[in-house]
Amino acid sequence: MIAFFFRKFDRMATGFVILLAAIAILVPVLNLAVPEGSPFHIPTYLVSLWGKYLAFALLAVALDLVWGYCGILSLGHGAFFALGGYAMGMYLMRQIGTRGVYADPVLPDFMVFLNWKELPFTWYFFDHFAYAVVMVVLVPSVLALVFGWFAFRSRVTGVYLSIITQALTYALLLAFFRNDMGFGGNNGLTDFKDILGLSVQAPTTRAALFALTAVFLALGFLVARAIVVSRFGQVLAAIRDAESRTRFLGYRVESYKLLVFVVSAAMAGIAGALYVPQVGIINPSEFAPSNSIEAVIWVAVGGRGTLVGAALGAVLVNFAKTWLTGMLPEFWLYGLGALFILVTLFLPKGIIGALTSRFGRPGDGGAQ
Amino acid sequence: MFRRFVILFSVLIGLVALAAAPIRADDASLVLKRLATDNYGEIEAGVAALAASGLPVSEAVLTALADSRLSYRPSDKALFIKDTSGGWIDAATNAAPAEAPSGLKSVKLNNRVRRALEAALGSMTLMSPDPMKRIAAAEAVFKSRDANTLAPLDVVIGKEADPVVKRYFEEARAAVLLLKTDAPETDRVRAAERLGERGDQDSLALLGSVTEANATANIVSAAKLAAKGIESRLALLSTAQNAWYGLSLGSVLLLAAIGLAITFGVMGIINMAHGEMVMLGAYTTFVVQEIIRTKVPSLFDWSLPIAIPLAFCVSGLVGLLIERVIIRHLYGRPLETLLATWGVSLVLQQAVRSVFGANNREVGAPSYMAGVWDLGGFQITYGRLWIIVFSLVVFFALLGVMKGTSLGLRMRAVIQNRRMAAAMGIRTPVVDALTFALGSGVAGIAGVALSQIDNVSPNLGQSYIIDSFLVVVFGGVGNLWGTLLGALSLGLANKFLEPVAGAVLGKIILLAVIILFIQRRPRGLFALKGRAVDS
Amino acid sequence: MSADLTDSILYLDAVSVSFDGFRALHDLSFVVGRGELRAIIGPNGAGKTTMMDVVTGKTRPDKGIVIFDGSIDLTTRDEASIAAFGIGRKFQKPTVFDGQTVEDSLLLALEGPRSAFSALFGWRSRVAVEQIIDKLAIIRLGDLRSKLAGSLSHGQKQWLEIGMLLAQNPKLLLVDEPVAGMTDAETEETARLLTSIAGEHAVVVVEHDMSFVRALGCKVTCLHEGSVLAEGTIDSVSANERVIDVYLGR
């Protein structure tokens, strides 16, 4: 089983996993054990900020799996991310209990505010962490399964698929804005207190969440890598390069696409669940089509079809976003817009793709 | 109650007397003097007499009394009305007195007098010389269904010459009669029929309150029949109204999607900045209006006709630039085009935000866009009407350009077989650039129209982009007629879903249906079939 | 007719297809025997490619019977299951996996389980490697086995695609214009290759190049407006008055 995850391992993959392991240990240590005055101390807000970047990196890896390796450009992956986030958010809401403004032991504040008398069935069992975790994976997967089953079976491909994935997340955006959906409407879910009995504000919890995110990023990377280097991954690439050729060779293209789409959606859901406790809020704007498209540019910047590049791109772009919106808020959208244009025109293989082709390691990482 | 009846009865007598013989002028001051007292009973009787007198001043006097602006001089019982500026007017002559009156006492009101006043004013306006006031009075009776108004109504119905006003009177009378248990059955049956002819929501409610408890079987069945007639009429009306709203939304969708039908539908370019082309058109309208407002305000009604060619040029030029600088390097790579043009859309949004600010900009409506056209309960706003007409004009103009001009011919040639067209001497890059500029320019024109119904903000384009793509895909890529039908059918479907499911849920349902539809027929309603499609 | 059916690898009877009023196939009937090599000729729009689409499950016929291997009704199956029954198809335009090496392309095509789960957990066997070396020799791309398919020349791509078909080990190969864009020497090689694999596999070749068809030395079917115009030896078909009129020219 271990061997399954580590076959065809190359230098870049090894380096990436080691790097993640290192920061998973080092960052919490530098935050918790090093005193505040020391130049090596990492403040807690930075830990959570970088934890957010790593959650985005996991989303990017999930997206790269379908786009880079199977040619499915999903403009709706933000929806899976947000659904996973909502599942986690619902658990965190129910942990608030009587500490809410209205101090209702069962109903979250917004339901009391809306004059609801009982918990809607969608919220049942969300006070159990295990149930919430199952939902984090299950809800995005089932949505991906149903959506993909219709889409791939009807052979919707290329930009048509992109447009309907965008319509999907747009529809969810509208739906989650509604108060009567029972997910907090416009304001979403926030004011979390505890996760597994630990305060979400506590530095130790935040450091643990960071480490956990790094571990899940590494796991997601290993799963994605195991998939793409397997024969399954070769078939995916074959589908990307010549779909009908693959079909006439006897491969049932739709089952391959469906499987990878569902795995990717589950991964995006997990990323969303790791994201929510670290940023402390989930609201419908996470479903905005622009979020999903932004995730695509992370992958493009890092290099699609490289996995490591996708993660790298997510961290780089979001770091630049934080930095630029802090320094020159006007220029962030110019910068992001220019990034979309310049990367597609001049860096079609992304950073990692450009590096590997320059230093001549063909086939390594499967860059396209 | 009895007292009220007496008052109305005297009003009625007065009315009959009026019909018989107009009151003489020297009686006028006599009637007025009856109000100059502090005895409530006398005031009450005086109100009735005045209402019945038919004097030209009576309405002014009674209104003044109702507003507590009426006073009298105890010395000669002359009445004075305080006007809005605080001066006095002699009630008998309706003119300012030579010298300011002194020692005035105001005419007092109690609840009984107030009721008498109301009834008097109501029945008086039934006889007002202004037909609009008579109609308003009839509608008031229709609502109050006061049985006491029956007699005055009968009088005025007999005298009324205007057939429209007469119809209102008769409807009011029917409303009173329908639920009057002591009225003859035939009258009440006729009243039900009358209300059925009127056919609005109020009549339906009235007819619905007729039951076995307050009417005979014949009346009840007549009321049911009439109610059924009204229901089907109202259903028809609401269907027509929905169809109109749907058509209106469809025309907006058509406008938003029509440029995309060229760039995406015909050329196959995914232009995510299409919405921003629309937005640029809207801002062009804003700039044109600003200049006109400050320089030549008299030309304001011409702002839209001036803005249309300018918007076409602005968006068309920006489109040309985008095609030359970015898109031409990405032909045959639709997904990359999608990402690059999304970047363009972000830059354009931020650019507009930097120049014009992030807030909504006010774009005014010229006079011909304002107003409503009422067709028997069916309301058409001129603004919407113009937008529907405009969208169709743009559509057919574009169709004409594609089918009728040499540019259109070359466009179609390049699209159908690029290499063959090139071999025949058509400069395909030029044609590509011009086609894209045309599609963008048309989006700009759409922006002029949309500036009239939507907020002009940097996000304007974002709200249309997904809808536009769905319209083009739904209608069938590469088919302008498909876009027309797609836009109209989506508009109609949306508006017919709204009353059932609510606005947001309706839209979600529609999105879900379109997603399913596209999966079933990925090439849209009017898709080309066969081998050529797959290449 | 029933004898025809049981002896046949491919049996078409009265197949019709139309697209928006255009009749691509009109009562098309013909039979290909097991192991037979058959050439199909005909003008553009005669329905050659549509016929292949119908056989491989890409297009559903409006009416008619399509039977494979004497008993399998193909009209209700999808591409993947038809390929699994043993029908391989080469496209008109050479279609290979640009991002994969020659060797990996053959590996993907190799006969074996096709399900997503088996692909996820299975890996190549020694037998597979031997078979690939065997196919590489047949298509003469042994030296290029680790090159990316996208970097091959046009003719090499055609051969690679034929090699992938062979790796599938199908009972029937449908080959659409295999020598388009090939040099004369390559064309000759291809004719030799196709005749050598016939017998073990049935092969249906669609081609315009008459000298290539002649080199195949097999039975020829000429299609016109969606149905069979003439069938027989190359000499009898090319002497047919109507074939000359609509296709070959005088």
Side-chain angles (χ1 to χ4, degrees), chain A residues 1 3-5 7-8 65 68-71 148 152-155 223-263 304-306 349 353 357 362-368, chain C residues 52-53 55-58 78-91 93-101 103-125 128 146-151 157 160-161 164-165 167-170 174 176:
Chain A
M1 193 61 197
F4 174 75
F5 285 111
R7 63 191 178 191
K8 276 203 179 175
L65 187 58
Y69 291 91
C70 196
F152 302 138
R153 210 182 49 127
S154 334
R155 302 195 182 165
V223 168
R225 225 194 117 70
I227 289 174
V228 301
V229 299
S230 70
R231 223 167 75 83
F232 182 90
Q234 264 190 323
V235 177
L236 290 185
I239 292 169
R240 177 192 63 197
D241 293 345
E243 179 164 336
S244 58
R245 173 76 278 166
T246 317
R247 189 170 272 131
F248 285 115
L249 282 180
Y251 290 97
R252 195 149 275 131
V253 167
E254 44 279 10
S255 357
Y256 280 81
K257 284 184 171 176
L258 195 55
L259 187 61
V260 75
F261 195 60
V262 169
V263 169
R304 76 181 116 127
T306 61
K349 292 175 177 176
S357 63
D364 194 56
Q368 285 308 306
Chain C
M52 289 201 172
D53 285 348
V55 171
T56 52
K58 189 170 176 215
D78 69 352
E79 292 98 324
S81 41
I82 288 175
F85 288 133
I87 296 182
R89 176 178 185 182
K90 200 199 88 57
F91 296 113
K93 183 174 160 237
T95 313
V96 293
F97 305 127
D98 288 349
Q100 314 246 2
T101 62
E103 191 178 350
D104 284 344
S105 301
L106 291 173
L107 190 69
L108 275 175
L110 210 59
E111 195 181 12
R114 290 289 198 250
S115 84
F117 286 97
S118 71
L120 196 51
F121 300 105
W123 200 236
R124 75 174 75 179
S125 64
S146 56
K147 282 199 80 167
L148 287 181
S151 65
K157 281 183 183 169
L160 174 57
E161 204 179 355
M164 285 160 70
L165 249 62
Q168 255 182 290
N169 194 23
L174 302 173
D176 204 348

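Closest non-hydrogen pair, A/Glu254 versus C/Asp78, comes out as OE2-OD2, 4.1 Å. Among all heavy-atom pairs drawn from A/Gln234 and C/Leu107, the shortest one is OE1-CD2, 4.1 Å. The shortest heavy-atom contact between A/Ala242 and C/Thr95 is CB-CG2, 3.6 Å. Between A/Tyr251 and C/Ala80, the shortest heavy-atom distance links the atoms O-CB, 3.7 Å. The nearest pair of heavy atoms linking A/Leu249 to C/Ala109 is CD2-CB, 3.8 Å. Here the closest heavy-atom approach between residue C/Ala116 and residue A/Leu259 is recorded as CB-CD2, 4.1 Å.
Contact tally against chain C (heavy-atom pairs below 4.5 Å) for A/Thr246, A/Leu258, A/Val253: the top residue is A/Thr246.
Applying the side chain to side chain donor-acceptor pair (under 3.5 Å) test to A/Arg245 and every residue at least two apart in sequence or in another chain returns C/Glu161. Among residues two or more places apart in sequence or in another chain, the side chain to side chain donor-acceptor pair (under 3.5 Å) test is passed with A/Glu243 by A/Arg247, A/Lys257.
Contacts between C/Gln168 and chain A at a heavy-atom distance below 4.5 Å involve the side chain alone, from C-beta outward. Contact annotation for C/Ser105: neither backbone nor side-chain heavy atoms come within less than 4.5 Å of a heavy atom of chain A. In this structure, chain A has a heavy atom under 4.5 Å from the backbone of C/Ile87, while its side chain stays farther away.
Here the CZ atom belonging to A/Arg252 is positioned 5.0 Å from the OG atom belonging to C/Ser81, to the nearest 0.5 angstrom.
Side chains of C/Lys58 and A/Phe248 form a contact here, defined as non-hydrogen atoms less than 4.5 Å apart.
Counting only N and O atoms by type, the side chains of A/Asp241 and C/Gln100 include no donor and acceptor under 3.5 Å apart.
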